[in-house]
Participant: 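So that we are looking at the same thing, I have put the structure below in structure tokens.
Values below: every heavy atom of this structure, side chains too, minus hydrogens, waters and symmetry copies. Along the sequence shown, residues carry numbers from 1.
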Amino acid sequence: MAKVELRNVHKFYDGGVKAVNDFSLDVADGEFVVLVGPSGCGKSTTLRMIAGLEEISSGAISIGDRVVNDVPPKDRDIAMVFQNYALYPHMTVYENMEFGLKLRKFPGAEIEQRIKEAARILGLTDLLDRKPKALSGGQRQRVAVGRAIVRKPAVFLFDEPLSNLDAKLRVQMRVEISRLHRQLGATMIYVTHDQIEAMTMGQRIVVMKDGVIQQVADPLGLYDNPANRFVAGFIGTPPMNFLEGVIRKQNGILEFGINGGELLPVPDRAKGLLQEWMNKSVTLGLRPEDIGSLVAEQKPGVPRIRAEVDVIEPMGFESYVYMRTGKTSFVSRVEARHCFEVGKQASPAVLMDKARFFDPSSEKTIA
């Protein structure tokens, strides 16, 4: 296995279009790193530059102790798993997995041993004689992963490998790939637009937007301490609520006044930083589970916000409750049997000590 380093990597296309802008990242030997962001943010382009399938415009990429800017893909000691599986339809599972090894002139006995080991790990032993058309989507994806495993590369690269699978299979494959990482101790870089995949699989997550890294952190670090509004809104389901308002002081108490109505006390940890925002506009960020949940309702002295219930989405063990206060809408994530009624007034408790505040201009986190 090997570490991967990217230093000030840029990718420009004709017309001056910036696909990736000043990307720098260190991936440790054996680490599982996920690149996540919306479509067009540059994450797949970054992965393809690591693989050598895209030329970099400037900067440096190293795999192990070797700069690979000018090294062809086949000599970079990487294996890539694609979204569309890229299996040879006329070959059996066994033949698909052995193809790359035969090209590299591995001995027949070693090829067989590697394929049998990969098939055992991935549960493909009984499928080795089948062709891709006789496999389900999940089985095809396991074959694509197996073809990468037999290579025993320094680095595994995954480009949205689960996006063609149905919801149940995606969950299953997430678990299998995470288990595979633990078994192999391999360096893995994984690209997805799905923040749930990122949160459940990555040891560290790189959030990207418009070709620029927004934040790099472990999953809980991203969730609890987002660097800016984009990260706060991208990570989490349902996404964080953003309420626009003004910081003001009333009767010696620092408060956040929602545009159009309600007042909420500023938590103690944020008071010092928000003093300079007195009578200025700020954005309040609240996670859905911090509004109206039993944890909030049962905590003494917690402020409340008056609202009208618009929609309730039952999700099984929990519900998403969409509410309105004045012209401001927000969503609450509550226990399924929590009593809210559509069209009725409600006063859900708000855990303001969990709140985040953002500069409306720069969208960076204030507190």
Side-chain angles (χ1 to χ4, degrees), residues 207 209 214-215 217-310 318 320-335 338 340 345-367:
V207 183
K209 178 189 177 188
Q214 302 295 304
Q215 189 172 358
D218 64 273
L220 290 181
L222 281 181
Y223 193 80
D224 292 334
N225 299 295
N228 56 41
R229 177 170 172 162
F230 175 79
V231 175
F234 192 82
I235 300 295
T237 304
M240 179 179 277
N241 296 291
F242 297 107
L243 292 75
E244 305 300 330
V246 176
I247 299 296
R248 61 187 62 172
K249 184 173 279 189
Q250 211 165 256
N251 300 322
I253 299 174
L254 203 62
E255 294 177 317
F256 173 81
I258 300 172
N259 290 347
E262 296 289 300
L263 294 171
L264 293 167
V266 170
D268 289 341
R269 63 172 176 75
K271 286 179 178 176
L273 288 168
L274 290 174
Q275 288 289 344
E276 62 185 81
W277 290 83
M278 195 75 66
N279 300 317
K280 294 180 181 178
S281 295
V282 299
T283 302
L284 168 65
L286 284 167
R287 294 284 182 197
E289 62 269 26
D290 297 329
I291 307 174
S293 66
L294 288 178
V295 171
E297 297 292 337
Q298 292 170 357
K299 194 170 182 179
V302 173
R304 294 180 176 272
I305 182 170
R306 290 172 296 176
E308 182 177 334
V309 178
D310 282 336
E318 63 185 9
Y320 300 160
V321 182
Y322 294 83
M323 307 187 208
R324 224 172 349 98
T325 177
K327 295 181 179 180
T328 300
S329 298
F330 60 91
V331 59
S332 174
R333 181 179 178 181
V334 302
E335 295 73 6
H338 204 1
F340 288 104
Q345 294 293 315
S347 297
V350 180
L351 293 176
M352 285 298 290
D353 58 332
K354 299 290 186 70
R356 290 290 178 270
F357 294 89
F358 304 91
D359 181 337
S361 299
S362 69
E363 298 194 344
K364 292 182 179 179
T365 300
I366 301 171

Participant: Do the numbers put Arg229 on top of the ring of Phe234, so that NZ or CZ is under 6.0 Å from the six-membered ring centre and no more than 45° off the axis?
Facilitator: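 Checked: cation-pi criterion not met.
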
Participant: Side-chain contact test, heavy atoms from C-beta onward, threshold under 4.5 Å: evaluate it for Phe330 versus Ile291 and give yes or no.
Facilitator: yes

Participant: Quick check: do Met323 and Ser329 have side-chain heavy atoms less than 4.5 Å from each other?
Facilitator: no

Participant: Can you tell if the side chain of Ser332 reaches within under 4.5 Å of the side chain of Glu289, non-hydrogen atoms only?
Facilitator: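 Of all side-chain heavy-atom pairs linking Glu289 with Ser332, none is under 4.5 Å.
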
Participant: Looking at Arg356 and Met240, would you say the former's side chain and the latter's main chain have a donor-acceptor pair under 3.5 Å?
Facilitator: no

Participant: Quick one, Phe357 and Thr283 - any side-chain contact, counting heavy atoms below 4.5 Å?
Facilitator: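 Side chain of Phe357 against side chain of Thr283, heavy atoms only: no contact under 4.5 Å found.
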
Participant: Taking the side chain as C-beta and beyond, is there a heavy-atom pair between Glu318 and Glu335 under 4.5 Å?
Facilitator: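 They are not in contact (no side-chain heavy atoms under 4.5 Å apart), so the answer is no.
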
Participant: Do the side chain of Asn241 and the main chain of Val331 share a donor and acceptor less than 3.5 angstrom apart?
Facilitator: yes

Participant: For the backbone of Ile305 and the side chain of Ser347, can you confirm whether one donor and one acceptor N or O come within less than 3.5 Å of each other?
Facilitator: no

Participant: Closer than 3.5 angstrom, by distance alone: can the side chain of Arg287 be matched with the main-chain N or O of Pro239 as a donor-acceptor pair?
Facilitator: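 Between the backbone of Pro239 and the side chain of Arg287 there is no qualifying donor-acceptor contact (under 3.5 Å).
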
Participant: Using residues 256-266 as the side-chain source, report each donor-acceptor pair under 3.5 Å to any protein atom, sequence neighbours left out, with the distance given to one decimal.
Facilitator:
{"from": "Glu262", "atom 1": "OE1", "to": "Arg306", "atom 2": "N", "distance (Å)": "3.3"}
{"from": "Glu262", "atom 1": "OE2", "to": "Arg306", "atom 2": "NE", "distance (Å)": "3.0"}
{"from": "Glu262", "atom 1": "OE2", "to": "Arg306", "atom 2": "NH2", "distance (Å)": "3.0"}

Participant: Answer yes or no: is there a donor N or O on one side and an acceptor on the other, between the side chain of Gln214 and the main chain of Ala227, under 3.5 Å?
Facilitator: no

Participant: Would you find a donor on one side and an acceptor on the other, under 3.5 Å apart, between the side chain of Asn251 and the backbone of Ile253?
Facilitator: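 Such a contact is absent between Asn251 side chain and Ile253 backbone.
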
Participant: Taking the basic N atoms (NZ, or NE/NH1/NH2) and the acidic carboxylate oxygens, is any pair closer than 4.0 Å for Asp310 and Arg324?
Facilitator: yes

Participant: Just wondering, do Val282 and Val246 contact through their side chains at under 4.5 Å, heavy atoms?
Facilitator: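 Answer no - side chains too far apart.
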
Participant: For the side chain of Arg304 and the backbone of Val350, is there at least one donor-acceptor N/O pair under 3.5 Å apart?
Facilitator: no

Participant: Could you tell me if the ring centre of Phe358 sits under 6.0 Å from that of Phe242?
Facilitator: yes

Participant: Test Gln215 against Asn228 for side-chain hydrogen bond (donor to acceptor under 3.5 Å, both in side chains), laying out the working first.
Facilitator: CA-CA 8 Å; Gln215 189 172 358; Asn228 56 41; over 6 Å; no

Participant: Under the side-chain hydrogen bond (donor to acceptor under 3.5 Å, both in side chains) rule, collect the residues that match up with Glu255, sequence neighbours excluded.
Facilitator: none

